[in-house]
Amino acid sequence: MTRPPNRSGGEVPRTFGVEEEFLLVDATTGQPVPAAEACLAKAPQRPETSGGPSLALEVQQEQLEAVGPVCSTLQEVIAGIREGRRLADEAARSVGARAVAVATSPMPATPTLVAQPRFLNMATRFGVTLREQLTCGFHVHVGVNDGEEGVAVLDRIRRWLPVLLALSANSPFWQGADTGYASFRYQAWSRWPTAGPCERFGSEREYHRYVQSLLTTGVLLDEGMVYFDARLSRNHPTVEVRIADVCMEASHAAAIAALVRGLVERAAQEWRSGISEPQLSAGQLRLAAWKASQSGVDDTLLHPLLNIPCPAGEAVQVLLSHIRPALADSGDEEQVTAEAARILSAGTGARRQREIMMSTQSLAAVVLEAVGHTHGLEHHGPAQAVPAPASYLTDIPRSRS
């Protein structure tokens, strides 16, 4: 996993990849449909060595997951995201459905459990928490050299994760009603006993000791239920950031993946330089994530450094300034900065869903227009129904590299 130096003396950019969860909906009504296993039965089987995305089941039959390939560049990630969405939708179309990137169902839905032993055990133990769990997240994996570096990264990226949640917010509706949140998925997901932010760990040994202490309680079925906002992957030499909603637009998703890679690289550099991690408590971080879940980019967030209210655009500016050297080294700076500006001006998927609802008064229209945006009809025009916050990105100094 050691990365050789690049031509400028730095290291080759870290590999990264994404996992996107989609809602399966009726192609005409927009209603969630329990079609996941039927979709996979008709989907073409790809060998693991193909290097492209693959499809997988999630806990509910109304969901399908696209697992992207390991990538080195932002261009590879965006191509993988688009291909994964195409594969998911192709499989859905084969059974009269569509795959849509919304993090909760705008329309009322009663999920249907995938009847696998682990999920059945979870249903017995966690009751309504699992029965009602129909949420679609966006997970970003970034390569680390070893577990010690990975935990050092986790300790140093904690304060920035709520900004990622705000930028991805795409779940304002739940059971047919506007929740008042930009990311209600995060609120629903927080019902799980291990979901949310953690205290700092300090070492890989302490991380694993803490995870084992959770398992010893007997509350969790297994280590797969350690649902931290960011964690060490059990199966790959990566840090896995899990806080984001699935994004309606592929370009938003790719930009957030690049932001995560930049955060991991900057955190690892700080650790190697002996810079200590911030001393924010999990309680403070929970407030920041709650506010991001409520507001998205349409109101104030908690400032990542000062932990006081600030405009969303300012929080994004601080994040970009923090990781700008890493973005420049990977060649992602210009594209990511531009995409962040578009999210702030045109809005996230949450704002777009509300715009459609206000103009049509139809939840079905919300879903079906989101299908178009999922698969390439990307919206970058100015928002009409909800006022956009002022963009602070024009004041960010450009890198000299």
Side-chain angles (χ1 to χ4, degrees), residues 1-6 10-21 51 53 65-81 84 137-165 167-168 197-198 200-201 204 207 226-247 250 252-273 277 304 319-320 322-333 335-336 339-340:
M1 291 296 296
T2 301
R3 291 169 295 135
N6 61 28
E11 291 178 326
V12 171
R14 294 172 185 270
T15 56
F16 62 144
V18 305
E19 298 162 353
E20 291 194 293
E21 297 165 354
E65 182 179 54
V67 180
V70 177
C71 302
S72 298
T73 69
L74 181 53
Q75 289 68 34
E76 291 172 353
V77 164
I78 186 67
I81 288 171
F138 178 58
H139 304 161
V140 182
H141 288 260
V142 182
V144 290
N145 290 327
D146 53 39
E148 205 64 51
E149 181 182 67
V151 172
V153 164
L154 294 178
D155 286 348
R156 288 165 175 79
I157 66 173
R158 298 185 310 144
R159 65 167 60 209
W160 304 102
L161 299 184
V163 183
L164 301 179
L165 174 60
L167 286 167
S168 72
C198 297
R200 58 178 293 274
F201 297 108
E204 182 184 11
Y207 175 91
V226 175
Y227 293 145
F228 305 155
D229 288 342
R231 68 185 184 184
L232 295 183
S233 171
R234 292 182 301 148
N235 303 315
H236 309 287
T238 65
V239 164
E240 181 186 3
V241 174
R242 305 166 46 83
I243 196 170
D245 281 8
V246 67
C247 296
H252 291 188
I256 289 169
L259 289 172
V260 173
R261 180 167 68 166
L263 280 170
V264 171
E265 180 59 35
R266 177 61 191 268
Q269 291 172 359
E270 289 180 339
W271 174 61
R272 290 195 298 267
S273 299
E277 61 273 19
L319 167 60
L320 286 170
H322 175 67
I323 63 172
R324 189 167 300 282
L327 292 176
D329 285 346
S330 63
D332 299 340
E333 180 185 3
Q335 185 171 348
V336 171
E339 196 63 34

Spacing of CG belonging to Leu259 relative to CD belonging to Glu339, to within rounding of 0.5 Å: 10.0 Å
Interatomic distance, Arg234 atom CZ to Glu240 atom CD [nearest 0.5 angstrom]: 9.0 Å
Distance-minimising heavy-atom pair for Ile81 and Ala253: CD1-CB, 3.9 Å
Ile243 side chain near Val241 side chain, heavy-atom distance below 4.5 Å: yes
Under-4.0 Å salt bridge between Glu149 and Arg272: yes
4.5 Å side-chain heavy-atom contact, Val153 and Trp271: no
Parallel, tilted or perpendicular: rings of Tyr207 and Phe228 (30°, 60°): perpendicular
Atom pair CG (Leu263) and CD1 (Ile323), whose distance is rounded to the nearest 0.5 Å: 5.0 Å
Over all atoms of both residues, closest heavy-atom pair of Ile78 and Ala254: CD1-CB, 3.7 Å
Flag, side chain of Asp155 to backbone of Phe201, donor-acceptor distance under 3.5 Å: yes
Approximate separation, where rounding is to 0.5 Å, of Arg158 CZ and Glu277 CD: 8.0 Å
Main-chain N/O of Pro304 paired with Arg159 side-chain donor or acceptor, under 3.5 Å: yes
Heavy-atom closest pair, residues Ala258 and Leu327: O-CD2, 3.9 Å
Contact summary for Ser168 and Ile256, nearest pair of heavy atoms: CB-CD1, 3.6 Å
Flag, side chain of Glu148 to backbone of Glu204, donor-acceptor distance under 3.5 Å: yes
For the student: nearest non-hydrogen atoms of Val77 and Ala257, plus distance: CG1-CB, 4.2 Å
Short side-chain to backbone donor-acceptor contact, Arg266 and Gly262, under 3.5 Å: no
Under 3.5 Å: donor-acceptor pair, side chain of Arg242, backbone of Arg231: no
Salt bridge (Lys or Arg N to Asp or Glu O under 4.0 Å) assessment of Arg261 paired with Glu265: CA-CA 6 Å; Arg261 180 167 68 166; Glu265 180 59 35; over 6 Å; no
Nearest-0.5 Å distance that lies between atom CZ in Arg14 and atom OG1 in Thr238: 11.5 Å
Please output the side-chain donor-acceptor pairs of residues 66-75 that fall under 3.5 Å, not counting sequence neighbours, one pair per line with the distance.
unit_1	atom_1	unit_2	atom_2	d
Thr73	OG1	Glu76	N	3.1
Gln75	NE2	Gln335	OE1	3.4

Contacts of Glu65 that satisfy side-chain hydrogen bond (donor to acceptor under 3.5 Å, both in side chains) - sequence neighbours left out: none
Closest non-hydrogen atom pair, Leu319 against Trp160: CA-CZ3, 3.6 Å
Beyond-backbone contact of Leu320 with Val336, side-chain heavy atoms, under 4.5 angstrom: yes
Rounded distance [0.5 Å steps], CD in Glu20 versus SG in Cys247: 7.5 Å
